[in-house]
Asks: 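Encoded as structure tokens, here's the structure I'll be asking about.
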Amino acid sequence: MYTQSMDTMGKDGDASPASAQPALRSAEDLQRQERFDARIDGGDFIEAKDWMPDDYRKTLLRQISQHAHSEIVGMLPEGNWVTRAPTLKRKAILLAKIQDEGGHGLYLYAAAETLGSSRDQLLDALHTGKAKYSSIFNYPTLTWADIGTIGWLVDGAAIMNQVPICRCSYAPYARAMIRVCREESFHQRQGYDSLLVMMQNGTAAQKAMVQDAVNRWWWPCLMMFGPHDADSTHSEQSMRWGIKRISNDDLRQKFVDATVQQAQVLGVTLPDPDLKWNEERQHFDFGTIAWDEFWRVVGGDGPCNSERLAMRVKAWDDGAWVRDAALAYAAKQHTEQQAA
Ligand code: 3HC
């Protein structure tokens, strides 16, 4: 079965060059660690060539590569609708958005490579099912309204999660995220606009189609933020290192609070009978997330896990001749330059 279970980089002699660090630490290492901690505490950014603890490097590699995989796997559910977009304008917007997601994957793979892993190693982890990608992309896109809903809710959730990463302590990741977030804003707005057109000018059937899409995507979107803080393996350490700035639960709450009013303007109902304003907390209360479903999808047993992974592997295999040709051309040019 295709799985999303992760072997963290560094185990089994894999990607992290720092995995060879000795278990016993020298006085010099301890001094480096102290300097690193002081820089983190002082809000300093860490660059690729700076010394960093092995676990910091591994955590970043895990998160950034998972993020990169999410971007490129995230192209698939939407790619499914390019040929069926209802107008030329919507088709052009959708194509541009999907292309952006591919670009985000490339920025993020490049950021991950600065930590010492190769692109091939990162992609191999995805293709062999060892690396995770976001649970959300294992759900199907059944109607055109799913495309608008992905823009509004999935990209909306992604922005909520990713804006704080622009202040991540690892500078190459933070820099990549600034551009990614700008583009994600366009993605969110085009999705909302597409739904608004259907809700304001559409037929009863089109309005029902939008509501149905929102019903199916709402809960998986809340799952995108990860498990509750109490069940999150990495949050505490990642927050101490300034990799994560806001916790999973706090981001999820911010997303719910921001989205309720947008749903009202749109004229759709969010599928949660427990969703209501809590005057005391000054936040919306919401119902219980189906965590068994979340862990099933993360574990490889979601509606589209095997299909998504098979498509990525096929794209990689089909592109082998392009990579071979590019390498052969580069080698030829190198030989010619040497001879000149
Ligand atoms: N899907 C799949 N796995 C998830 C997950 C999700 N939605 N949420 C958490 N997990 C996994 C974690 O990877 C971890 O497993 P691991 O130890 O095997 O890696 C486990 O569940 C426990 O979760 P933690 O809270 O301890 O994990 P993190 O501290 O890494 O937090 C995260 C999870 C909030 C997703 C964090 O990694 C993060 O902010 N990542 C960067 C953003 C990102 O990857 N977003 C993915 C969506 S990208 C996107 O949406 C594209 C856009 O174009 C729409």
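Start at 1 and go down the list; that is how both ligands and their atoms are numbered. Hydrogens, waters and symmetry mates are skipped; everything else that's a heavy atom, side chains included, is used.
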Asks: For Ile165, state whether at least one heavy atom is located under 4.0 Å from any atom of ligand 1.
Replies: yes
Asks: Would a 4.5 Å heavy-atom cut-off, applied to side chains only, mark Leu153 and Thr259 as touching?
Replies: yes
Asks: Are Thr114 and Tyr173 close enough that a side-chain donor and a side-chain acceptor fall under 3.5 Å?
Replies: no
Asks: Nearest non-hydrogen atom to atom 1 (N) of ligand 1 belongs to which of Ser135, Ser238, Ala68?
Replies: Ser135
Asks: May I ask you to identify, for His104, whether its side chain, its backbone, both or neither come under 4.0 Å of ligand 1 on a heavy-atom basis?
Replies: neither
Asks: Are Tyr139 and Arg216 linked by a side-chain donor-acceptor pair shorter than 3.5 Å?
Replies: no
Asks: Judging by distance only, is a nitrogen or oxygen of Trp295 under 3.5 angstrom from one on ligand 1?
Replies: no
Asks: Heavy-atom distance to atom 46 (C) of ligand 1: which of Ala131, Ser70, Gly226 wins?
Replies: Ser70
Asks: Short list, please: which atoms of ligand 1 are under 4.0 Å from a heavy atom of Phe225?
Replies: 34 (C)
Asks: Give yes or no for whether the N/O distance cutoff of 3.5 Å, strictly under, is met between Met224 and ligand 1.
Replies: yes
Asks: Do NZ/NE/NH1/NH2 and the carboxylate oxygens of Arg175 and Glu47 come within less than 4.0 Å?
Replies: yes
Asks: Asp54 vs Lys58, test: salt bridge (charged side-chain N to carboxylate O under 4.0 Å, His left out). Steps then yes/no.
Replies: CA-CA 6 Å; Asp54 193 26; Lys58 283 185 197 162; 3.4 Å; yes
Asks: State, without any angle test, whether His283 and Asn278 hold a side-chain donor-acceptor pair at a distance under 3.5 Å.
Replies: no
Asks: Relative to atom 39 (O) of ligand 1, which among Asn161, Leu108, Ile150, Ile246 owns the nearest non-hydrogen atom?
Replies: Asn161
Asks: If you count the atoms of ligand 1 from 1 in the order shown, which ones are under 4.0 Å from a heavy atom of Tyr133?
Replies: 1 (N), 2 (C)
Asks: Any chance the side chains of Asn215 and Gln211 put a donor and an acceptor closer than 3.5 Å?
Replies: yes
Asks: Please confirm whether Pro227 approaches ligand 1 to less than 4.0 Å, judged on its heavy atoms.
Replies: yes
Asks: So which bit of His67 gets within less than 4.0 Å of ligand 1, heavy atoms only: side chain, backbone, both or neither?
Replies: both
Asks: For ligand 1, which atoms, with element, lie under 4.0 Å from some heavy atom of Gln66?
Replies: 13 (O), 19 (O)
Asks: Please confirm whether His187 comes under 4.0 Å of ligand 1, counting heavy atoms of the residue only.
Replies: no
Asks: Taking 4.0 Å as the limit for heavy-atom contacts, which would you say applies to Thr233 with ligand 1: side chain only, backbone only, both, or neither?
Replies: both
Asks: Kindly indicate, with the supporting measurements, whether the criterion side chain to side chain contact (heavy atoms under 4.5 Å, CB included) is fulfilled by Leu270 and Val256.
Replies: CA-CA 10 Å; Leu270 295 174; Val256 172; over 6 Å; no
Asks: Under 4.0 Å from a heavy atom of Ser134: give me the atoms of ligand 1 that qualify, with their elements.
Replies: 1 (N), 7 (N), 46 (C), 47 (C)
Asks: So which bit of Asn248 gets within less than 4.0 Å of ligand 1, heavy atoms only: side chain, backbone, both or neither?
Replies: side chain
Asks: Give the contacting part of Phe294 toward ligand 1: side chain, backbone, both or neither, where contact means a heavy-atom distance below 4.0 Å.
Replies: side chain
Asks: Just let me know how His234 lines up against ligand 1, side chain, backbone, both or neither, with a heavy-atom cut-off below 4.0 Å.
Replies: both
Asks: Please determine, by modelled atom types, if Asp37 and Gln33 share a side-chain donor-acceptor pair under 3.5 angstrom.
Replies: yes
Asks: Is it the side chain (CB and beyond), the backbone, both or neither of Ala158 that lies under 4.0 Å from ligand 1, heavy atoms counted?
Replies: side chain
Asks: Which atoms from ligand 1 have a heavy atom of Glu101 less than 4.0 Å away?
Replies: 52 (C), 53 (O)
Asks: Any idea which atoms of ligand 1 are less than 4.0 Å away from a heavy-atom of Phe137?
Replies: 49 (C), 50 (O), 51 (C), 54 (C)
Asks: Between Asp146 and Thr143, is there a side-chain donor-acceptor contact under 3.5 Å, judged purely by atom types and distance?
Replies: yes
Asks: Closest by any non-hydrogen atom to atom 19 (O) of ligand 1: pick that one out of Arg62, Lys97, Met239, Arg252.
Replies: Arg62
Asks: Using distance alone, with no hydrogens and no angle criterion, decide if Gln190 and Arg90 have a side-chain donor and acceptor under 3.5 Å apart.
Replies: no
Asks: Suppose we call two aromatic rings close when their centres sit under 6.0 Å apart. Are His69 and His127 close by that rule?
Replies: no
Asks: So for ligand 1, is Lys244 a polar contact partner (N or O within less than 3.5 Å, distance only)?
Replies: yes
Asks: Could you list the atoms of ligand 1 found under 4.0 angstrom from a heavy atom of Tyr173?
Replies: 41 (C)
Asks: Under 6.0 Å between ring centres, would you say that holds for Tyr170 and Phe45?
Replies: no
Asks: Please could you name the atoms of ligand 1 that Ser232 approaches to less than 4.0 Å, counting only its heavy atoms?
Replies: 24 (P), 25 (O), 26 (O)
Asks: Any nitrogen or oxygen of Glu71, main chain or side chain, under 3.5 Å from a nitrogen or oxygen of ligand 1?
Replies: yes
Asks: For this output row, return yes or no: ring centroids of His228 and Trp291 closer than 6.0 angstrom.
Replies: yes
Asks: Show which side-chain atoms of residues 158-168 pair as donor or acceptor with protein atoms under 3.5 Å away, not counting sequence neighbours.
Replies:
| unit_1 | atom_1 | unit_2 | atom_2 | d |
| --- | --- | --- | --- | --- |
| Gln162 | NE2 | His67 | NE2 | 3.0 |

